Amino acid sequence: MNNKYLGILCLLAFISGCATMSKEECKQADWYLKGVDDATHGFPLDRVIEHGKACARVNIVPDMKDYREGHAKGARLYCVPEKGYSEGRDGAAYNGICPAELEPNFLRAYRDGQELYNIQRNIDRMVSEINSSHAQMDNDYEEISRLKYDIVNSQNEQDRRYKMHRIDELENEIRNLSYNADRAVRELDLFQNDFRVVEDKHRRMGYL
């Protein structure tokens, strides 16, 4: 690598606030093994640019030949159906690193994993919606109790009318929240059933 390239990396390292490698890691780096490791974690080949930024701090430039060869080896280890499924199941991004002959089977498994991941996201969304509705209903009930206490003890008729109107609003809100919570419970049941069906299908396919 020439000095001009090193200078560019130094500038990029200064601009970047996040280093992918420490100074010691840069000094001790085996760029072939680094390429293998990056690929087995799904990082694209241009991950080496980030390493170059980090290592410019100690005037070390990645060995592109070794890194590229290591990355190619790591990609072949990464691009198997089992890994594709687990990456999809975890919601990880696919960075297009698989060789052409391995990519179809990898992507098929990856999309199967994504199917379960997306169902789980819907389950989590419904649980969050149910919990949020119940929490707000509890808050509304507490406010109604305070307002009723204030009405009994208030001597101001206008204030009493305002609080009674507020109670009506809260009771209406509680009815809407209860309706939404019941709907979310029904949807949750459907998503949970979908999850069981898909999980059983994946088990028969050998993923689990």
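Given the structure is predicted, the values throughout are model-derived calculations rather than measurements. Computed from heavy atoms alone, side chains included, the values below leave out hydrogens, waters and symmetry copies.
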Legend entry - Asn118 and Gln114: side chain donor to acceptor below 3.5 Å: no

Inset, instruction - Nearest 0.5 Å please: distance from the NE2 atom of His41 over to the CD1 atom of Ile97. - result: 11.0 Å

Inset, instruction - For the pair Glu24 and Lys27, evaluate salt bridge (charged side-chain N to carboxylate O under 4.0 Å, His left out) and give the outcome as yes or no after the intermediate values. - result: CA-CA 5 Å; Glu24 286 305 311; Lys27 293 174 183 177; 3.7 Å; yes

Legend entry - Tyr117 (side chain) donor-acceptor with Ala92 (main chain) under 3.5 angstrom: no

Inset, instruction - For residues Glu103 and Tyr94, determine if any side-chain heavy atom of one lies less than 4.5 Å from a side-chain heavy atom of the other. - result: yes

Legend entry - Any Ile49 side-chain heavy atom under 4.5 Å of Lys53 side chain: yes

Inset, instruction - State whether the side chain of Ser128 and the backbone N or O of Asp124 hold a donor-acceptor pair below 3.5 Å, judged by distance alone. - result: no

Legend entry - Donor-acceptor under 3.5 Å (Arg57 side chain, Ala54 main chain): yes

Legend entry - Residues Glu187, Arg183: salt bridge by 4.0 Å N-O rule: yes

Inset, instruction - Give a yes or no on this: more than 12 heavy atoms of other residues, nucleotides or ligands lie within 6.0 Å of atom NZ of Lys73. - result: no

Inset, instruction - Might you confirm whether atom CD of Gln158 has over 12 heavy atoms from other residues, nucleotides or ligands at distances under 6.0 Å? - result: no

Legend entry - Check: Cys55 and Trp31 side chains under 4.5 Å, non-hydrogen atoms: yes

Legend entry - Value rounded to 0.5 Å, distance of CD1 in Ile174 from CG in Asp138: 9.0 Å

Legend entry - Phe195 reachable from Leu190 in the ILVMFWY side-chain graph, under 4.5 Å edges: no

Legend entry - Side chain to side chain, Val185 and Ile130, heavy atoms closer than 4.5 Å: yes

Legend entry - Pair Gln136-Asp140, side-chain hydrogen bond (donor to acceptor under 3.5 Å, both in side chains): steps then yes or no: CA-CA 6 Å; Gln136 185 58 52; Asp140 288 351; 3.0 Å; yes

Legend entry - Nearest-0.5 Å distance, CG of residue Asp38 to CG of residue Asn95: 11.0 Å

Inset, instruction - Measure the CE-CG distance between Met137 and Leu177 for me, rounded to the nearest 0.5 Å. - result: 6.5 Å

Legend entry - CG-NZ distance between Asp63 and Lys34, expressed to the nearest 0.5 angstrom: 15.0 Å

Legend entry - Check: Asn105 side chain, Pro81 main-chain N or O, donor-acceptor pair, under 3.5 Å: no

Inset, instruction - Spell out, as yes or no, whether a donor-acceptor pair under 3.5 Å connects the side chain of His71 to the backbone of Asp46. - result: no

Inset, instruction - Please step through side chain to side chain contact (heavy atoms under 4.5 Å, CB included) for the pair Glu101 and Arg76, ending with a clear verdict. - result: CA-CA 10 Å; Glu101 70 274 16; Arg76 300 193 74 84; 2.8 Å; yes

Legend entry - Electrostatic pair Glu157-Arg160, nearest N-O below 4.0 angstrom: yes

N/O donor to acceptor pairs below 3.5 angstrom from side-chain atoms of residues 145-154, sequence neighbours left out:
| from | atom 1 | to | atom 2 | distance (Å) |
| --- | --- | --- | --- | --- |
| Ser145 | OG | Tyr141 | O | 3.2 |
| Asn153 | ND2 | Tyr149 | O | 2.7 |
| Ser154 | OG | Asn156 | N | 3.2 |
| Ser154 | OG | Asp159 | OD2 | 3.4 |

Inset, instruction - Apply salt bridge (charged side-chain N to carboxylate O under 4.0 Å, His left out) to Arg166 and Glu173, showing your working. - result: CA-CA 11 Å; Arg166 176 59 181 158; Glu173 181 175 79; 5.7 Å; no

Legend entry - Same apolar cluster (I L V M F W Y, side chains within < 4.5 Å links), Val127/Leu116: yes

Inset, instruction - Output the distance between atom CZ (Arg196) and atom CZ (Phe191), rounded to the nearest 0.5 Å. - result: 13.5 Å

Legend entry - Non-hydrogen atoms of Pro104 and Ala100 that approach each other most closely: CD-O, 3.2 Å

May I have the list of side-chain donor-acceptor pairs in residues 199-208 shorter than 3.5 Å, sequence neighbours left out?
| from | atom 1 | to | atom 2 | distance (Å) |
| --- | --- | --- | --- | --- |
| Asp200 | OD2 | Arg204 | NH1 | 2.4 |
| Lys201 | NZ | Glu115 | OE1 | 3.4 |
| His202 | ND1 | Tyr85 | OH | 2.9 |
| Tyr207 | OH | Asp112 | OD2 | 2.8 |

Inset, instruction - Could you tell me whether the side chain of Asn172 reaches within less than 4.5 Å of the side chain of Asp168, counting heavy atoms only? - result: no

Inset, instruction - Decide whether Val48 and Val58 are clustered together by the hydrophobic rule: side chain heavy atoms of Ile, Leu, Val, Met, Phe, Trp, Tyr closer than 4.5 Å, transitively. - result: yes

Inset, instruction - Please work out which of the three classes, parallel, tilted or perpendicular, describes the rings of Tyr67 and His51, given edges at 30° and 60°. - result: perpendicular

Inset, instruction - List the steps, then state whether side chain to side chain contact (heavy atoms under 4.5 Å, CB included) holds for Ile123 with Gln120. - result: CA-CA 5 Å; Ile123 289 173; Gln120 183 63 58; 3.9 Å; yes

Inset, instruction - Kindly check if the number of other-residue, nucleotide or ligand heavy atoms within 6.0 Å of OH (Tyr162) is above 12? - result: no

Inset, instruction - Locate the shortest heavy-atom distance separating Pro99 from Cys79; write the atom from each residue and the value. - result: CD-SG, 4.0 Å

Inset, instruction - Identify whether Phe43 and Tyr78 are in the same connected component of the hydrophobic contact network (ILVMFWY, side-chain heavy atoms under 4.5 Å). - result: no

